[in-house]
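Here is how names work: the chains are called A, B, and so on, in the same order as the sequence lines, proteins then strands, and each is numbered from 1.
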2 protein chains.
Amino acid sequence: MATIRDVARLAEVSVSTVSLALSNPGRVSQKTLERIRSAVAAVGYVADPLAQSLARGRSKMIGLVVGNVGNPFFGDIRRELENYALEHEHFVLITDSSGKREREQALVEHLIGLKIAGLALAPSSFGPDYVRFVESIKVPMVCFDQKVKGIERDFVGSDNYLAGAMLTEHLLQLGHRRIAFIAGPQHMHTASERYRGFVETMASAGVEVNPNYVVDGQFTRSAGYEAAMRLLIQPERPTAILGANNAVALAALQAMQELGFNCPGDISLCMIDDVQWSNVITPRITMVVQDTLKLGGIIARRLLQRITTPGAAAEPPQDFVLSPKFVPGNSCRRV
Amino acid sequence: MATIRDVARLAEVSVSTVSLALSNPGRVSQKTLERIRSAVAAVGYVADPLAQSLARGRSKMIGLVVGNVGNPFFGDIRRELENYALEHEHFVLITDSSGKREREQALVEHLIGLKIAGLALAPSSFGPDYVRFVESIKVPMVCFDQKVKGIERDFVGSDNYLAGAMLTEHLLQLGHRRIAFIAGPQHMHTASERYRGFVETMASAGVEVNPNYVVDGQFTRSAGYEAAMRLLIQPERPTAILGANNAVALAALQAMQELGFNCPGDISLCMIDDVQWSNVITPRITMVVQDTLKLGGIIARRLLQRITTPGAAAEPPQDFVLSPKFVPGNSCRRV
DNA sequence: TCCGGTTATCGAACCGGTTCGATTTTTATC
DNA sequence: GATAAAAATCGAACCGGTTCGATAACCGGA
């Protein structure tokens with residue numbers, strides 16, 4: 001592999017001139033620039049990114065830390081970020097924390113050791129320790145999905161209150177009163193906001209929430225399954241179930257199928273967030289989805305702005321909150 | 001951030017001794033080792049991975065290049081590789097080529113520039129140029145999923161012939177004769193092997209394959225949808241459809257639903273490879289699945305072996321082929 | 001006590017770039 | 001043609017480690 005010294009030797013200039021010419025042509029005379037350029041071509045020189053990062057103290061890489069790369073929600077965001085970064089000569093390193101705080105922190109520290117230019121983080125935890133950790137990150141960064149109280153950073157996400165409220169309103173409009181809610185972990189902002197959307201919409205419609213109809217599904221498939229079962233074995237069953245995310249809602253569908261309930265005949269179901277292949281799932285689930293492409297675009301643009309625009313790094317953090325979209329299915333019937 | 005010189009100063013030894021002590025304790029006397037260790041702790045020294053990689057000419061990172069990180073098939077492999085790598089103090093960088101050859105090559109070259117210790121690659125292409133490219137990679141590597149003719153590297157994958165044959169045999173046993181096959185791109189080894197499994201099993205059962213029943217679904221959802229439609233509008237419809245992968249099969253299910261066909265009442269359906277949430281899809285699709293966890297484990301072990309065991313890098317390439325597993329559903333009926 | 005052979009430590013060169021102050025060359029002005 | 005200012009180029013130090021040949025300290029045996 002050719003080094004910058006090979007280029008310098010061939011072009012008969014000093015190493016520093018080559019470096020200057022490559023990073024800042026225009027500060028070099030026309031003819032030396034040409035000599036250097038042809039020398040670069042002749043030896044097939046490509047700068048070593050490692051050496052560059054070491055010397056500059058920062059690389060051209062962007063870290064993306066998510067809880068589950070398999071989640072299509074993150075997939076769209078990844079794609080947008082990658083494409084946008086590539087246009088700006090940056091390279092995205094994807095890492096997966098599996099939703100574990102320890103792993104996440106290790107990954108972030110590793111990425112910082114790699115002197116990444118920026119970080120897109122989907123927070124996986126909360127609390128003072130966690131906030132302290134995130135606040136200690138000095139690299140340009142954008143948080144997304146999960147808004148964490150106390151973290152003063154750019155945030156990009158959806159209006160989760162609205163998401164919960166929209167589906168609740170939809171069910172109320174269809175005449176449902178016995179509406180159950182499979183909640184997520186309440187310490188998570190997305191979960192508590194969705195729940196708040198449910199509760200407040202019920203309240204303003206003057207419908208009481210039966211405490212037995214609110215169960216904790218932890219946003220996971222297994223907990224959601226158990227929670228759904230608890231709902232389905234009650235003597236006075238709900239007429240509709242609102243899943244706070246895709247995993248708990250589909251787990252509820254599974255539970256319903258296994259117990260022989262018909263959806264929407266016996267029980268209506270709706271959920272927040274899409275899944276792949278939702279259009280071949282019977283019934284088509286009524287849902288509220290996030291505009292992941294747009295979210296990804298905002299994350300990408302904001303992060304690159306902080307990285308590349310001088311002075312932008314000092315700008316105060318900003319929240320970008322998008323409205324989710326209602327996608328009707330045929331899993332909710334009028335009662 | 002503390003550097004190795006800070007440690008050396010505090011421990012009153014030379015920089016080289018510190019480096020030696022850290023990478024090879026045992027070659028350093030007990031008392032200096034202790035002095036160095038406490039100095040490390042005192043200043044909170046952590047070696048800069050970038051500088052280390054530059055000096056050593058190789059890093060502790062492993063590159064994983066796949067066509068679609070959202071595919072659960074890759075998800076399991078990623079997880080296994082990550083866990084295993086972590087145990088061996090390596091760090092996995094995930095990248096997504098979106099199945100594009102150009103992108104894949106750029107990613108690989110970038111990773112090599114980062115001086116990765118090893119590479120796990122799911123090839124996205126084929127042909128002489130591509131083989132030349134892959135063969136030019138000098139980093140320890142393991143290919144998986146797609147076996148490419150001409151590439152002399154370790155390969156880990158499933159017996160795709162068997163996968164196709166198993167499902168074909170299943171349909172034959174149920175009495176089907178008019179069996180349709182939605183194929184993948186025939187230049188891909190997985191696709192052609194699955195097809196071969198279908199054709200040869202049909203032949204040895206003495207059942208003729210109707211050419212109109214073999215359509216090209218490109219392994220994609222959109223092409224699979226079109227292909228399925230072509231099957232469904234024929235006057236003499238097949239009684240069963242075998243999808244060469246999950247995308248084309250589910251696209252076929254969608255097409256059937258949209259045209260009002262009942263599965264398995266009107267047409268039976270089965271597929272190769274699972275998807276997330278397949279258990280809430282009605283009907284439960286009969287399928288043959290790969291043991292992704294095991295595949296991931298083999299990939300991880302083999303790659304780490306080549307990386308860490310001296311001499312292992314020179315071992316001749318080896319193929320690891322696992323048998324897929326039959327998972328019965330209720331999407332195939334007896335005729 | 002002297003010698004040969006280990007074992008421990010050190011210094012210097014190196015990995016491949018960047019950066020900045022100093023020096024040289026060019027250009028403009030008088 | 002001399003001179004100041006501007007532009008181009010260079011040299012050396014640096015980023016933070018590793019590596020290897022050389023030197024120094026230590027050991028047991030003659």
Within residues 9-29 of chain A or reaching into it, pairs that qualify as salt bridge (charged side-chain N to carboxylate O under 4.0 Å, His left out) - sequence neighbours excluded: A:D6-A:R9
At 10 degrees resolution, what angle do the end axes of the helix from C:dT1-D:dA30 to C:dC30-D:dG1 form when each is taken over five base pairs? 50°
Counterpart residues, side-chain hydrogen bond (donor to acceptor under 3.5 Å, both in side chains), relative to B:Y45 (two or more places apart): none
Listed partners of B:R37 passing side chain to side chain contact (heavy atoms under 4.5 Å, CB included), at least two apart: B:P25, B:L33
Partners of B:T32 by side-chain hydrogen bond (donor to acceptor under 3.5 Å, both in side chains), sequence neighbours excluded? B:S29
Taking distance alone, no hydrogens or angles, what donor-acceptor pairs closer than 3.5 Å link side-chain atoms of residues 16-24 of chain A to residues at least two apart or in another chain?
unit_1: A:S16; atom_1: OG; unit_2: A:S14; atom_2: OG; d: 3.0
unit_1: A:T17; atom_1: OG1; unit_2: A:S14; atom_2: OG; d: 3.0
unit_1: A:S23; atom_1: OG; unit_2: A:S19; atom_2: O; d: 3.1

Restricting to pairs with a member in residues 304-319 of chain B, which pass salt bridge (charged side-chain N to carboxylate O under 4.0 Å, His left out), not counting sequence neighbours? B:K147-B:D319, B:D154-B:R306, B:R302-B:E315
Give the B/S/- string for nucleotides 7-22 of chain C, one per nucleotide from 5' to 3', where a protein heavy atom under 4.0 Å of the base yields B, of only the sugar-phosphate yields S, and otherwise -. -SBBBB--BBBBB---
Pairs involving residues 91-123 of chain B, ordered by first then second residue, that meet ring pair (Phe, Tyr, Trp, His ring centres under 6.0 Å) (sequence neighbours left out): A:F91-B:H110, A:H110-B:F91
